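Presented below is the structure to which this report refers.
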Amino acid sequence: MNRLENSWAKLKKLILKGLLMIMASYPIMLCVNFLLPGNYYYEKYQVLRAMVWDSISDYIFLIVVSFLAYYLASSRTLYSKLRTELRRNHLDTEVLRWNETPYIAPAHLYNLFFPKSFERTLQKRINDFSYRYTVDYFRYRIYNNVNYTKFSPAARGTLHKLFSTSLKKVFRYIFILLLTLTLMIYLYNGDSQYVLWFTPALVYVARRVFTFLFAYLNFRYDMLSIDKFFEDNYGDPEPKIKWSDLSADKHLGRTIMKVWKDECLSRQNLYNHLLRRGENHTEFDCPSLASKPYENDIPEWVSHADKIYHQKKCEYFAKHNQVEWVVNSKTNVVSLNEYKLRNN
């Protein structure tokens with residue numbers, strides 16, 4: 001959970017605690033009055049409670065409907081769907097941007113290192129195919145002898161392109177929100193109660209808009225986290241990591257395999273828990289398990305991949321009369337567990 005999500009969770013807990021304290025105050029004050037009849041504080045509490053009740057009693061139905069509208073906005077479901085959609089759009093865009101180079105997209109490698117589900121319920125987490133989608137991209141390319149033609153990726157796309165589909169929905173909800181406010185102002189005839197009946201619609205639309213904006217801010221934070229990870233470990237937010245360096249017998253390949261095994265085990269355990277299976281169940285049958293990142297049979301050309309790479313790179317820069325710009329970068333990735341602990 002990143003800082004924005006953590007802050008929002010703390011705020012919701014604080015509001016919930018406040019509501020629970022208000023609800024608990026009545027039985028507590030009854031006990032106080034029972035033990036100390038005619039207590040001054042109980043009398044003041046009764047006066048305050050009567051004032052509050054007189055203020056809201058005419059709007060009880062409105063408050064209930066507003067809470068119902070807030071609940072029907074389904075921000076959790078919408079938020080999870082948006083975050084998953086944005087991550088997939090980002091992955092698709094980055095894989096395509098680096099596709100004509102001999103290097104893996106940093107965002108692709110990051111998602112292989114740190115699989116994450118934005119779903120909140122156990123059922124939905126088990127049916128989240130995001131990590132499987134990421135691994136399928138990897139399987140397709142790792143032992144595919146691609147005839148790459150470039151040694152630098154295209155320029156990064158802007159954020160609004162990744163968010164374009166969701167932005168249309170945001171603008172639609174903002175339009176509905178402004179339309180509702182306009183109707184409230186137009187129909188206002190001095191009777192404040194009449195205007196307040198627009199509150200449920202405002203609550204519903206406002207929560208949807210907030211969820212979209214919150215998802216966007218967290219997505220932006222995720223992109224910065226990816227850059228920070230590679231900056232910390234490679235000295236460059238977009239390091240050029242060759243596909244040949246990701247073979248199963250190399251350090252990065254072994255890391256990818258370890259993450260895959262841990263993720264499969266974790267997901268299968270959740271699936272077993274959902275089905276209330278015993279500890280003796282050893283079959284891996286969760287429907288969202290990702291396939292093994294590497295094939296058992298390694299093609300022969302893989303052993304010559306580095307030689308082919310250097311030959312093509314020399315030909316490319318000679319043909320274009322360019323000098324390769326070498327960036328001094330770190331080459332050793334720290335332990336993933338160490339990195340997670342450092343940045344929590």
Side-chain angles (χ1 to χ4, degrees), residues 2 83-84 86-118 128-146 148 150-157 162 219-264 266 290-295 298 302 305-306 309 327-343:
N2 63 38
R83 292 297 305 277
T84 302
L86 286 171
R87 178 175 57 189
R88 177 169 290 197
N89 289 346
H90 183 224
L91 179 62
D92 289 343
T93 302
E94 288 300 290
V95 168
L96 181 63
R97 188 165 72 92
W98 289 77
N99 193 46
E100 296 181 5
T101 73
Y103 314 110
I104 187 172
H108 188 186
L109 184 58
Y110 184 88
N111 286 327
L112 288 168
F113 281 165
F114 302 102
K116 180 181 179 182
S117 176
F118 298 114
D128 182 7
F129 288 81
S130 298
Y131 178 65
R132 180 172 172 175
Y133 185 79
T134 303
V135 173
D136 284 347
Y137 258 138
F138 183 82
R139 282 172 52 83
Y140 172 77
R141 178 62 189 265
I142 183 63
Y143 290 144
N144 189 353
N145 192 9
V146 176
Y148 45 87
K150 298 179 181 178
F151 287 85
S152 293
R156 277 185 176 181
L162 298 174
F219 170 65
R220 174 61 179 164
Y221 180 87
D222 286 347
M223 292 188 66
L224 294 175
S225 297
I226 294 174
D227 286 349
K228 184 178 184 300
F229 171 79
F230 287 105
E231 184 72 41
D232 289 347
N233 291 284
Y234 285 88
D236 185 357
E238 288 201 321
K240 293 180 177 179
I241 303 171
K242 301 193 302 294
W243 280 99
S244 58
D245 291 336
L246 302 173
S247 295
D249 59 336
K250 297 190 176 179
H251 173 65
L252 291 176
R254 289 191 292 270
T255 301
I256 291 171
M257 278 297 297
K258 181 182 183 305
V259 173
W260 172 74
K261 290 178 181 178
D262 291 344
E263 177 66 15
C264 287
S266 173
S291 300
K292 186 179 179 181
Y294 301 92
E295 299 175 3
I298 301 177
V302 173
D306 284 334
Y309 165 78
V327 178
N328 292 325
S329 62
K330 305 170 187 177
T331 57
N332 186 27
V333 178
V334 299
S335 163
L336 296 186
N337 289 331
E338 178 188 340
Y339 186 82
K340 290 177 182 176
L341 290 172
R342 186 198 307 165
N343 289 275

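Here the structure is a predicted model, which means the values were calculated and not measured.
For the pair Pro239 and Trp98, the tightest heavy-atom approach, listed with the atom from each and the gap, is O-CH2, 3.9 Å. Between Cys264 and Ala290, the shortest heavy-atom distance links the atoms SG-O, 4.1 Å. Shown here for Val135 and Pro293, the closest heavy-atom pair between the two residues is CG1-CA, 4.1 Å. Listed here is the closest heavy atom pair of His108 and Val95: ND1-CG2, 4.0 Å.
Between the side chain of Asp245 and the backbone N or O of Ile241 there is no donor-acceptor pair closer than 3.5 Å. Side-chain atoms of Trp260 come within 3.5 Å of backbone atoms of Ser291 as a donor-acceptor pair (strictly under, hydrogens ignored).
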Next on the checklist: Show, in sequence, the C-alpha distance, side-chain angles and deciding distance for Tyr131 and Asn111, and conclude whether the side chain to side chain donor-acceptor pair (under 3.5 Å) test is met.
Outcome noted: CA-CA 8 Å; Tyr131 178 65; Asn111 286 327; over 6 Å; no
Item to check | Test side chain to side chain donor-acceptor pair (under 3.5 Å) applied to Lys240 and Thr101, step by step | outcome: CA-CA 9 Å; Lys240 293 180 177 179; Thr101 73; over 6 Å; no
Item to check | Steps toward side chain to side chain donor-acceptor pair (under 3.5 Å) verdict (Tyr133, Asp92) | outcome: CA-CA 10 Å; Tyr133 185 79; Asp92 289 343; 2.7 Å; yes
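In this structure, CG on Leu224 lies 10.0 Å from CZ on Phe219, to the nearest 0.5 angstrom. The structure places OG of Ser225 at 13.5 Å from CD of Glu231, a figure rounded to the nearest 0.5 Å. Between the CG atom of Asn99 and the NZ atom of Lys150 there is a distance of 10.5 Å, given to the nearest 0.5 Å. From Leu86, atom CG reaches atom CE of Met223 across 10.0 Å, with rounding to the nearest 0.5 Å. Atom CZ of Phe118 is separated from atom CG of Asp222 by 5.0 Å, given to the nearest 0.5 angstrom. Between the CD1 atom of Ile104 and the OH atom of Tyr110 there is a distance of 14.5 Å, given to the nearest 0.5 Å.
In this structure, Lys242 is positioned above the aromatic face of Tyr309, its NZ or CZ under 6.0 Å from the six-membered ring centre and within 45° of the axis. Taking the ring axis of Tyr294 as reference, the NZ or CZ atom of Arg139 does not stay both within 45° of it and closer than 6.0 Å to the ring centre.
With a 4.5 Å cut-off on side-chain heavy atoms, Asp136 and Tyr140 do not count as touching. A 4.5 Å side-chain heavy-atom check between Ile226 and His90 finds at least one atom pair inside the cut-off. At least one side-chain heavy atom of Leu112 sits less than 4.5 Å from a side-chain heavy atom of Thr134. Side-chain atoms of Leu246 and Leu109, non-hydrogen and from C-beta on, do get closer than 4.5 Å to each other. Put simply, the side chain of Phe113 reaches to within 4.5 Å of the side chain of Leu252, judged on heavy atoms.
More than 12 heavy atoms of other residues, nucleotides or ligands sit less than 6.0 Å from atom NZ of Lys250.
Using a 30° and 60° split on the angle between ring planes, Phe151 and Tyr148 fall in the perpendicular class, above 60°. Under the 30°/60° scheme for interplanar angles, the aromatic rings of Phe138 and Trp243 are found to be tilted. The aromatic rings of Phe230 and Tyr234 lie tilted to each other, with the angle between the two planes from 30° to 60°.
A salt bridge links Arg97 with Glu94: the distance from a Lys NZ or Arg NE/NH1/NH2 to an Asp or Glu carboxylate oxygen falls below 4.0 Å. For the pair Arg156 and Asp227, the salt-bridge criterion is met [side-chain N within less than 4.0 Å of a carboxylate O]. Salt-bridge annotation for Asp262 and Lys258: present, with a side-chain N of the basic residue lying under 4.0 Å from a carboxylate O of the acidic one. By the 4.0 Å N-to-carboxylate-O rule, Glu263 lies too far from Lys116 to be salt-bridged with it.
Legend: residues meeting side-chain hydrogen bond (donor to acceptor under 3.5 Å, both in side chains) with Ser130, ordered by chain and number and at least two apart, are Arg87, Asp128.
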